[in-house]
Amino acid sequence: MLLYILRRLLLMIPLVIGISLISFGVMQLAPGDYVDQLRQNPSIKPETLARLREDFGLDQPAYKQYGLWLYRAVVYRDFGESFTYHQPAFTLIKSRLYYTFLLSFWSSLLAWLLAIPLGIYAATHRNSFLDRILNFGAFAGVSLPSFFVALLALMVAQQSGWFPVGGAQSENYDKLPQIGKILDTAHHLILPTLVLGIGGVAGLMRQMRGNLLDVLSDNYILAARARGLSERAVIWKHATRNAINPLLTLAGYQLSGLLAGAALVENVMAWPGLGRLLLESVQSLDLYVSMASFVMGAALLVLGNLVADLLLVATDPRIKLG
Amino acid sequence: MNDHSPSEASDVPPSSAGQMVVPPAQGLATSPGEPLADGPTENQKRQLLTGGAARGLSAIPTSPTQLAWRELRKNRVAVWSGVLLLFLYLIALLAPFLAPYDPQDQVPGTLSSATFHPPMRLRFRELNGKFHLRPFVYGTRQGFTPLREIIYATDPAVIHPVRFFVPGAPYRLFGLIPTSIHLFGVENGGRIFLLGSDEYGRDYLSRLLFGAQISLSVGLVAILITFSLGMLVGGIAGYYGGVTDNIIMRGCEVLMSIPDFYLLLALAAALPATLSPVAVYLLIIIILSFIGWAGMARIIRGMVLSVREREYVEAGRALGLSDLKIIRRHVLPSTFTYAIVAATLAVPGYILGEAGLSFLGLGIRDPMASWGNMLSAAQNITTLTSRPWILAPGVMIFITTLAFNFLGDGLRDALDPKSRKLG
Amino acid sequence: MNYPSSPVSRPFPWAALGWGAAILLFVAWVCGLGSRDLTVSDPEFKNGATSLKTLVAGSVEPPSVKGKYGGVLTEATLADPKTFNIWVATDNGSFGVGGTLFDSLIARNPFTNKYEARLSELPTVSNGGKTYTFRLKDGLKWSDGKPITADDVMFTLDMIYDPKTAGIMREGMMVSVPDKKAPGGFKQVPIKYRKVDEKSVEFTLPVPYAPVLSILNIAPAPRHKLYSAWKSGKINSTWSVDTPPSQLVASGPWIMKQYISGQRVIYERNPNFWKKDKWGRTLPYLERYVLLIVPDLNTMALKLKSGELDSTTVPAPDYPDAKSYEKRGGYTIYDLGPSFSTNYLGFNLNPKAKVEPWKIKLFQQQKFRQAVSYAINRDLMSVNLFRGLATPAWSYVSSANKAFYNPDVPKYPYNPKKAEALLDEIGARDTDGNGFREYEGHEIRFSIQTNVENNVRKSMGIVITKDLKNIGLNVTFTPIAFNKLLGSLDAPPFDWEAIILGFGGGVEPHDASNIWSSSGPTHQWHPSQKTPATPWEAEIDTLFRRGAQELDPVKRKKIYDRWQVIASEQMPLIYTLVPDALVAIRNKFGNLKPHPQGALWNQEEIFDLKATGAAPS
């Protein structure tokens, strides 16, 4: 078991290096570099630009830039400094992590909480009217661009006055008592959670439905039925448990999604998450922030997969570690 | 319906009409015939991601295509979605003919303009009650509300009858036949805006139709590229296994680990400043397809892994068939059903992806029309409150992605013999 | 319920029905079925504004009234600050957030265009206009109680002139000394500075320099906080955005209380702010100032309506919507008249450019550029894109710049006939009858580029394309990313044909010398010329050299008037429209003096009409 985990973790190293290489390469593809952005301001002289480029090491050939970055990352665990913020990339990312996790956690939870019972219902009432409605609703949820749904949600918020128009905290947050702070954040969370969560329901629900249908046709379910167990017990005790198992793998994948966030929704809803930072850094060619985010996202993905596999082993006795 | 007990779901006799008795399904991940090449996860993921189609492989009935078709036909939603999609693609194909104007044409002439003209009403009866057999639209005049919003008032004195098969902007039908005949148009130098106009006075219906050409083809072409690449790479990895497999799969994992959207963004930002809109369009497609192929390759590889251990493949090998032949004849066809399902379900992602890029100004660029850039131009409060027709591309995106999802879902069910038992 | 799966009994086609209904409903909704027809004879149509005129904002500063203490003002900004250290900042977000903390020595009053004393008294001038002595006000203190002294000013200049400092203030702190050999016709020379006593600093210029005050209105940096960081070479990463706000000090009306990345900046009253109101009471009146970080303009507009924001700028196309909500929203929209932002269509006149020579030859024809200018329907553009809230522009200086704007320049009101005649004159005629003109045997086709990020320019491009097609020029329009655009603009191979861009100008015309001097690197249409390619470029070079030295304001204005006339005659940059500055401000505030240069520039005086707080002790 431990050996297996160790092996998987070791396998992570080339993977993460590969990812950093690819993200570096992709960022190099874009024309110009960060310093070119500054040319928007006509009062900046070319000499200043050249000086800045030198300061940032952007005057070096690409392979040297990458080599230096890798060396510092490995030896000093220094993932580079943001050009725009003059701050270590990691510090920046950390400042946004909390809100990204908050939003992702609640929206995935919402998606799961809706998808699993609905999936079970849809599987046990296959092709019923309600199954079709659920199906329709779930797919409708993924059929509009999220940035558009986000704006619609904000308009509802403004016109009804029930929810704050974007943001994560009220302006007077710090003057609120502890319980008020929690309620305030919760109030701000509702709309973004809905916008992001609903989008996740369709896939999970269809998956759950499919899995449960599979399981229900398995022999042991027939056996359970034959033993005279109540249908409720068959479905909830035996079938559902096994049907959920494969979904755990999905959860592993979602772990990396947690970090990437949903940049466009965050942008429209003024949510202070990592997605916005990443979007900004990719657009302004802030090389090291983008790379650090990519590498972190990838590392999370690999870890997520590992966790999912371990969970699978824990829940499904048929699976052994290879 | 709630009084029915859930057990009914499985009480349908297994041999009712249109059904086949399917051999008992094999266990999930531990079926003996399947290799555990890379630990249980690979298998689990394959099971998970391939849905029913892959499972079905273990028990392909005698004529799967016929059977699937029959299954599919029973799924009304899927069938109607398919019909709708065919219809949409047909419309897109005929767009230059159906559209009354060129999508980039603003109101010609010099003094008039038609910024945000609302949809015109097609009439048969004049305001004074006079009836015409030929439909017509009224001419309009631009004005402003005291709040400076542009409004248009109909001028009952100016009547523009609608004619069919009228000459207009020249185009090439199907890109081949040069002509200038449009399905309909109006006379007397008027303009007809059946679906209103946009900020620059361009006919919204024409833009929507031409936009369909781009938005509908983006998904289709992208998925073609994704699949060719995915099947090629996945096929090679799965068939040869070993070191090849290992290297390819690690590479795919690297690609898959980078969050799609940001990769898309970085690549789109790298688009060269080409002058040709067609090139931009092609490059965006290539970028979009770049995102999906690794995941596809991975899944195909898993399926190939399981197929190649089958008896008939072994038999082929024993008979001395070349690797290529085996892959082509036996391995790929069996992964094909899955490919169709996954392709159908993946197209909406590309359509929405283009919309997302457009939102950031990195998608298809104005003056070319795509549903994505039309919708992102509609992302405005004033539009949402007072110019509802500008939301038409949103409706089209919604309908199309929904239809693709339903069709894909139906296909998955139809191609999955196992779930048929329960239907 | 479950449907038996025999093919005989089929489920009811819900989906088909649903689709049909949905599509029909949408079509009906769009076609406005059931809505009343508005006809041209309806009074409702006639009473509307049939022609739109731009309102003119007041040009006299309203008097200040006695304010009340307390209250909060909330504004929004699109981007996070990148650093709190404005002396190393390069972006607007940081200048906005950090600039609020630091007052400058002197400042230009936007209404009078005259400099007024801030931290320092107005400087005394001696030595034939070459020496300026600034004396700091008495009793100035940083927010932490330390005195603001001449040492702070000296330190600030040391820091700015240090080449290791990353900021962009250094360029602004240079005096342009005419030098024919230098690029741009000017040599950039730093100012000499010297501490006279604890309160006074003396600046010495190499030559008399007219725009001097626009470069000496610096904001002193706190030496006691930043000196050691600068000495140890860490100034660029000092006061980065993760610095606890309590470690920052301020000389302006506000101190920073809190910054939360991606969310907001909260400021509170600086107890040591120097300025008092007319009644000798402390300023600012407001207790808190909040800057929300809202990355989307639509969201900002919604937040204004919901009351979460007190002020935003309003894009002209959203004016009707925002205006109609004024009463319910409790705000007023101020049309402040023309803004300082200008947009132009420019052609490549560079013979070295990698563009077909016949095109360059065509673009170089003054009559061609004038024809293009005549062909652009600026009034219609103003109505359609800006709801009439924009004015035609003919030259570099916006009419908002009351100090230097010259209204008497050649104008090119919309006249396609004249445009066509001009094109005929230079031999650009439609010889093959396909609707497009030919020049020297080539059909005239060229592409106009702009940066895709800017919606106003994108809109203008689409409209201009149509206007130019009208006079027989086959124009394509290609919005591309800004980086790529710049890449081809000021570096070989200069492979662009026409471009729509703009500059956000200030009051001082000499700031434009980079662009207009023929040897300047940003002399867009033909950059870095060794000797002026045309007589009019040579004349502009001379004008800028004289303008920098002319200390008599009346004579100086004449010089720049002449420049504007040449610019408009020659039209290397064809100016289009100057949009109005539209700003919404909540009604609950007093002492509002919005100006195109800043809606809430007098923050310290603004007060909440209903505030009941006590004066700070």
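Numbered from 1 within each chain, the chains take letters A, B, ... in sequence-line order. Note that the coordinates shown come from a computational prediction; the quantities given were computed from them, not determined experimentally.
- Aromatic ring centroids of B:Tyr138 and B:Phe136 lie under 6.0 Å apart.
- Cation-pi check for C:Arg387 over C:Tyr319 is not met; the charged atom does not lie both under 6.0 angstrom from the ring centroid and within 45 degrees of its normal.
- Both the backbone and the side chain of C:Leu302 come within less than 4.5 Å of a heavy atom in chain B.
- Contacts of C:Asp296 with chain B are made by side-chain atoms alone, with heavy-atom separations under 4.5 Å and no backbone atom involved.
- A side-chain donor-acceptor contact under 3.5 Å links C:Glu326 to the backbone of C:Ile333.
- Looking at C:Thr465, neither its backbone nor its side chain comes within 4.5 Å of chain B, counting heavy atoms on both sides.
- In this structure, the portion of C:Lys305 lying under 4.5 Å from any heavy atom of chain B is its side chain and not its backbone.
- Most heavy-atom pairs under 4.5 Å with chain B, from the set C:Ser324, C:Pro479, C:Ala322, C:Ser459: that is C:Ser459.
- The candidate from B:Asp155, B:Val79, B:Leu122, B:Val83 with the greatest count of non-hydrogen atom pairs under 4.5 Å with chain C is B:Asp155.
- For the pair B:Arg191 and B:Tyr101, the cation-pi criterion (under 6.0 Å, within 45° of the ring axis) is fulfilled.
- Side-chain contact check for B:Thr115 and B:Tyr200: no donor-acceptor pair (N or O, by modelled atom type) lies under 3.5 Å.
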